[in-house]
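Presented below is the structure to which this report refers.
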Amino acid sequence: MAFYSLKDRTHDCSALRASDIDSEVILMGWVAARRNFGGAVFVDLRDRSGTTQIVFLSEKSEDLLSSAQTLRFEDVIAVRGRVISRGDNATEKIATGAIEVEVEELQVFSQSDPLPFPVRNDVNASLETRLKYRYLDLRRPEIQNNIITRSRFVSFVRNYLVQNGFLEIETPYMVKYTPGGARNFLVPSRINRGNFYALAESPQIYKQLLMVAGMEKYFQIAKCFRDEDPRQDRQLEFTQIDLEMSFADENDIMNLVEGMILHGFSSLGLEFMNNPFPKITWEDAMRLYGCDKPDTRFDMPHVVLDSFAAKSGIGILESAAEQGSLIKGICVKGEQERFSRKTIDQLTEFVKKEEIGGAKGLIWLKHGPDNTFTGSVSKLLTEEKSHELMKLLDSKDGDTIFIVADKPSVTHKVMDNLRRHLAAFLNLTDNKKYSALWVVRFPMFEQNSEGDWVSCHHPFTHPVPEHVSMLDSESKGDVRALAYDLVINGNEVGGGSVRIHNPETQATVFKALGISDDEAQRLFGFLLEAFRYGVPPHAGFAAGLDRLSMLITGADSIRDVIAFPKTVTGADLLTGAPTPVIEKQLNELGITVKPTDS
RNA sequence: GGGGUGGUAGUUAAGUCGGUUAUAACGCCGGCCUGUCACGCCGGAGGCCGCGGGUUCGAGUCCCGUCCACCCCGCCA
């Protein structure tokens with residue numbers, strides 16, 4: 001008997017409806033469940049699209065029935081049969097619930113060993129087990145649908161960009177090593193022993209060279225590699241929707257990307273709470289939310305209370321203000337009854353945690369009837385000062401106010417964490433809702449822990465033109481960049497900038513970063529040289545496809561939107577990578593591995 | 001590099017104050033069953049309690065170390 005093949009398959013397992021009754025069909029898929037009644041066997045047949053119940057009846061053939069009784073979970077089969085009505089036994093649980101297929105012929109393509117864990121949405125094997133048998137985990141409809149949704153989104157993105165005149169161009173993954181930024185994965189060169197490629201952190205330099213090359217509009221679904229500790233939303237290798245456009249300014253890029261996101265989400269039936277996306281400056285984001293990626297699904301902005309604090313009559317606030325502390329308040333609308341003394345104590349412990357920012361304490365006030373406060377410092381506030389604070393924070397009867405005073409960096413971080421924490425506590429974060437915004441005018445530079453000035457974005461970012469003269473001054477910390485981040489639901493899903501195309505400006509920026517002319521030549525000489533041969537002004541963007549995929553699928557972990565993810569220690573539990581390699585290979589590369597404890 | 005949570009049958013979990021033969025559900029094996037849909041019923045097999053050391057008459061349980069997974073901080077231009 002010849003095996004059935006794809007051309008014989010008449011329908012997928014989600015296709016059949018009552019209107020198909022009496023047709024003869026051939027289905028192929030995996031045995032998702034088997035219910036054996038001796039004289040009748042029901043099988044849930046699952047393929048990528050869904051599930052159809054097939055039924056083996058003794059009246060048809062005893063041989064067929066006994067074959068059906070040997071079927072086990074995840075056997076791969078084809079069946080030929082007739083679509084019949086399920087009558088009173090119809091179910092709403094599956095899309096094909098009105099019908100079933102009465103089997104006339106069964107082909108078993110392959111049998112499955114007993115499974116290490118059930119292939120079902122409602123059974124949670126440990127992550128370790130799921131990753132070891134990732135091909136089984138991927139059969140679970142929940143994960144499979146994530147991968148399908150991601151594919152549909154990527155497909156939309158490609159179409160959108162191509163229709164907007166973009167060319168999809170690949171750039172090298174094995175690139176020149178440059179220090180700074182993320183730690184690189186290194187690839188040793190056999191032919192040039194002792195030399196290394198780096199795996200690209202991003203296609204940044206190549207896409208700028210493509211602009212010099214006159215490609216005008218480039219995009220790529222590009223893998224990027226960064227040897228930094230993974231997180232819930234971060235993997236060692238990840239994917240960016242990377243694009244660059246000549247003659248474009250920041251609004252051209254933001255409009256393009258915004259259209260891509262709005263329509264891409266819309267194509268999946270997902271709509272944004274805000275359209276168009278608001279733009280706020282980095283400064284305003286820090287002032288209102290204490291961070292550069294605020295979650296705007298809920299309001300609860302921070303209010304800076306420095307001048308109030310200085311004359312508040314509250315000793316700790318007045319002295320904090322004198323010492324140059326930043327004092328911020330946040331007003332929780334209503335739900336006052338949920339802030340019991342115990343809850344407030346827990347919030348106080350929360351803000352004191354080091355990873356939350358390590359505040360010294362948390363001031364709280366409950367706005368009661370007749371415009372009075374109760375709370376930690378209420379007795380110290382005059383009626384006039386109380387009313388002033390109420391006005392500043394727009395608090396009403398039934399609201400609750402929290403105040404933190406500390407070093408600016410601590411206050412921002414603590415109040416950011418507190419705002420998110422309160423939103424989660426009050427169930428204001430619905431992952432079916434989407435709220436996006438642009439954060440613009442990032443600083444050009446920041447100081448790292450060693451006190452060195454480093455780029456916030458990257459060294460090719462164009463400063464705000466009016467700030468160019470400040471680049472080599474003491475106030476370079478105040479220089480703002482033509483850089484923008486796209487933030488959705490508190491996730492930084494992408495960022496970009498206008499690039500420098502003027503050699504003098506580029507030289508000044510390198511100088512501000514403490515990169516000498518010689519070093520600039522050594523690291524980026526090829527780029528600077530390219531820019532001498534006619535470079536168009538250009539700007540670009542890179543969006544994190546994995547994080548976007550998490551948002552569109554509602555996945556909690558980046559692992560749930562990547563077919564073969566790595567663990568938090570960078571291991572691939574399915575293949576066992578990374579592994580030692582054979583001595584011969586190391587010898588060819590001229591590499592000696594040191595013992596681990598050296 | 002630092003902090004936290006977890007690891008017991010193929011899987012998911014329970015296991016009290018340190019005490020006799022380590023439980024359950026699902027899966028697996030055998031049997032029964034023609035309307036189930038996570039079918040049901042009867043019976044059975046299945047254990048390096050992550051690994052190594054220590055305390056103790058006695059350790060799944062207490063202590064030390066270590067490995068693995070996850071979460072967080074640092075890090076991620």
Side-chain angles (χ1 to χ4, degrees), chain A residues 32-45 51-60 65 68-69 72-74 84-94 96-97 100 102 112-133 136 178-184 201-202 204-205 224-236 238 353-358 413 417 442-446 448-449 452-461 481 483 492 495 497 509 513 515 523 542 544 556-557 559 565-571 573:
Chain A
R34 187 207 55 176
R35 294 174 288 279
N36 182 5
F37 286 81
V41 174
F42 298 96
V43 168
D44 291 341
L45 188 65
T51 304
T52 300
Q53 173 165 289
I54 61 179
V55 58
F56 298 79
L57 297 171
S58 56
E59 296 88 73
K60 279 286 165 190
L65 189 72
Q69 281 165 342
R72 293 294 180 270
F73 283 112
E74 301 303 312
I84 59 174
S85 170
R86 285 172 68 168
D88 291 344
N89 294 312
T91 175
E92 306 268 308
K93 285 184 187 171
I94 52 175
T96 58
E100 62 192 348
E102 188 181 4
S112 171
D113 280 355
L115 298 164
F117 59 90
V119 177
R120 285 214 322 247
N121 278 343
D122 59 330
V123 175
N124 290 316
S126 72
L127 244 146
E128 214 166 336
T129 312
R130 288 172 50 199
L131 290 179
K132 183 176 177 191
Y133 301 95
L136 293 180
T178 52
R183 188 181 299 115
N184 288 103
E201 294 169 36
S202 83
Q204 182 61 37
I205 289 175
C224 303
F225 305 87
R226 295 180 189 174
D227 187 6
E228 301 291 350
D229 288 7
R231 283 285 193 283
Q232 189 170 27
D233 62 350
R234 240 165 57 188
Q235 286 263 310
L236 299 180
F238 61 99
K353 284 185 190 169
E354 203 223 318
E355 67 267 26
I356 298 305
K413 185 173 177 185
N417 280 312
F442 273 74
M444 274 292 279
F445 314 111
E446 61 189 345
N448 66 13
S449 49
D452 301 326
W453 287 98
V454 296
S455 295
C456 284
H457 191 51
H458 57 59
F460 315 110
T461 304
E492 183 204 328
S497 63
V509 168
L513 288 166
I515 300 172
L523 296 176
D556 294 323
S557 165
R559 286 180 299 270
K566 291 183 174 53
T567 68
V568 78
T569 58
L573 297 181

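Protein chains get the first letters and strands the later ones, always in sequence-line order, with residue 1 at the start of each.
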Starting at atom [atom1] of [X], determine the distance to atom [atom2] of [N], rounded to an integer number of angstrom.
X: F37(A); N: C37(B); atom1: CZ; atom2: P; answer: 7 Å
X: L136(A); N: G10(B); atom1: CG; atom2: C1'; answer: 12 Å
X: E355(A); N: C75(B); atom1: CD; atom2: P; answer: 15 Å
X: I94(A); N: C39(B); atom1: CD1; atom2: P; answer: 12 Å
X: L65(A); N: C33(B); atom1: CG; atom2: C1'; answer: 12 Å
X: Q69(A); N: C32(B); atom1: CD; atom2: C1'; answer: 11 Å
X: D233(A); N: C71(B); atom1: CG; atom2: C1'; answer: 12 Å
X: E201(A); N: C76(B); atom1: CD; atom2: P; answer: 10 Å

Within the modelled atom types, does a donor on one side and an acceptor on the other bring the side chain of [X] and the base of [N] under 3.5 Å apart?
X: R120(A); N: C26(B); value: no
X: R226(A); N: C76(B); value: no
X: R130(A); N: U11(B); value: no

- Message: Suppose we screen for ring pair (Phe, Tyr, Trp, His ring centres under 6.0 Å). Which residues come up paired with F37(A), at least two apart in sequence or across chains?
- Response: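 Checked F37(A) against ring pair (Phe, Tyr, Trp, His ring centres under 6.0 Å); matches are F42(A).
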Closest to the [X] side chain: [options]?
X: E228(A); options: G35(B), C75(B), C28(B); answer: C75(B)
X: Q53(A); options: G74(B), C28(B), G35(B); answer: G35(B)
X: R231(A); options: C39(B), C76(B), C73(B); answer: C73(B)

- Taking OP1 and OP2 of U12(B), is either one under 4.0 Å from a side-chain nitrogen or oxygen of T129(A)?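 Answer is yes, contact under 4.0 Å.
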- Query: Does R35(A) put a side-chain nitrogen or oxygen below 4.0 Å from OP1 or OP2 of U36(B)?
  - Reply: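 So the side chain of R35(A) is outside the cut-off, no N or O lying under 4.0 Å from OP1 or OP2 of U36(B).
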- Cut-off 3.5 Å, side chains only: do Q53(A) and R35(A) have a donor facing an acceptor?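 Per modelled atom types, Q53(A) and R35(A) side chains form a pair under 3.5 Å.
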Short heteroatom pairs, N/O only, protein and nucleotides 66-70 of chain B, under 3.5 Å:
residue	atom	partner	partner atom	Å
C68(B)	O2'	E128(A)	OE2	2.5
A69(B)	OP1	T567(A)	OG1	3.1
A69(B)	OP1	T569(A)	OG1	3.1
A69(B)	OP2	T569(A)	OG1	3.0
A69(B)	O4'	E128(A)	OE1	3.3
C70(B)	OP1	V568(A)	N	3.4
C70(B)	OP2	V568(A)	N	2.7
C70(B)	O3'	R559(A)	NH2	3.2

- Message: Under the rule for side-chain hydrogen bond (donor to acceptor under 3.5 Å, both in side chains), what residues qualify as partners of T129(A), not counting sequence neighbours?
- Response: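 Result, side-chain hydrogen bond (donor to acceptor under 3.5 Å, both in side chains) vs T129(A): S126(A).
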- Item | S557(A): partners by side-chain hydrogen bond (donor to acceptor under 3.5 Å, both in side chains), with sequence neighbours left out |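 R559(A).
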[atom1] atom, [N] versus [M]: distance in rounded Å?
N: G52(B); M: C67(B); atom1: P; value: 15 Å
N: U11(B); M: G58(B); atom1: P; value: 32 Å
N: U12(B); M: G31(B); atom1: C1'; value: 27 Å
N: U16(B); M: C26(B); atom1: C1'; value: 26 Å
N: A45(B); M: C28(B); atom1: C1'; value: 9 Å
N: G7(B); M: A13(B); atom1: P; value: 9 Å
N: G60(B); M: A9(B); atom1: C1'; value: 14 Å
N: G46(B); M: A24(B); atom1: C1'; value: 14 Å

Reckon [X] touches a base, only the sugar-phosphate, or nothing at all at heavy-atom distances under 4.0 Å?
X: N89(A); result: base
X: R72(A); result: sugar-phosphate
X: D88(A); result: nothing
X: K132(A); result: nothing
X: E100(A); result: base

- Query: Is F42(A) stacked on the base of U36(B), meaning ring centres closer than 5.5 Å and planes within 30 degrees of each other?
  - Reply: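 Here F42(A) meets both the 5.5 Å and the 30° conditions.
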Go ahead and name the base partner of [N]; Watson-Crick or wobble counts if both distances stay under 3.5 Å, otherwise write none.
N: C76(B); value: none
N: A24(B); value: U12(B)
N: G43(B); value: C29(B)
N: A69(B); value: U5(B)

- Can you tell me how far CZ of R86(A) sits from CD of E100(A), rounded to the nearest 0.5 angstrom?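 These two atoms lie 5.5 Å from each other.
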- Item | Sequence-distant partners of E355(A), salt bridge (charged side-chain N to carboxylate O under 4.0 Å, His left out), two or more places apart |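 Here no residue qualifies.
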- Query: Quick one: salt bridge (charged side-chain N to carboxylate O under 4.0 Å, His left out) partners of E74(A), sequence neighbours excluded?
  - Reply: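 With sequence neighbours excluded, E74(A) shows a salt bridge (charged side-chain N to carboxylate O under 4.0 Å, His left out) to R46(A), R139(A), given in chain and number order.
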- Item | Option among L45(A), D44(A), V43(A) that satisfies the side-chain contact (heavy atoms from CB on, under 4.5 Å) test with T51(A) |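 Looking at L45(A), D44(A), V43(A), the match for T51(A) under the side-chain contact (heavy atoms from CB on, under 4.5 Å) is D44(A).
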- Between E446(A) and G39(A), just flag the one whose closest nucleotide in RNA chain B comes earlier from the 5' side.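 Its nearest nucleotide lies further toward 5', so the answer is G39(A).
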- Task: Give a yes or no answer on whether the side chain of R34(A) reaches the backbone of Q69(A) with a donor-acceptor pair at less than 3.5 Å.
- Result: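 Checked: pair present.
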- Query: Sub-3.5 Å donor-acceptor pair from the side chain of N417(A) to the main-chain atoms of I356(A), do we have one?
  - Reply: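 Present.
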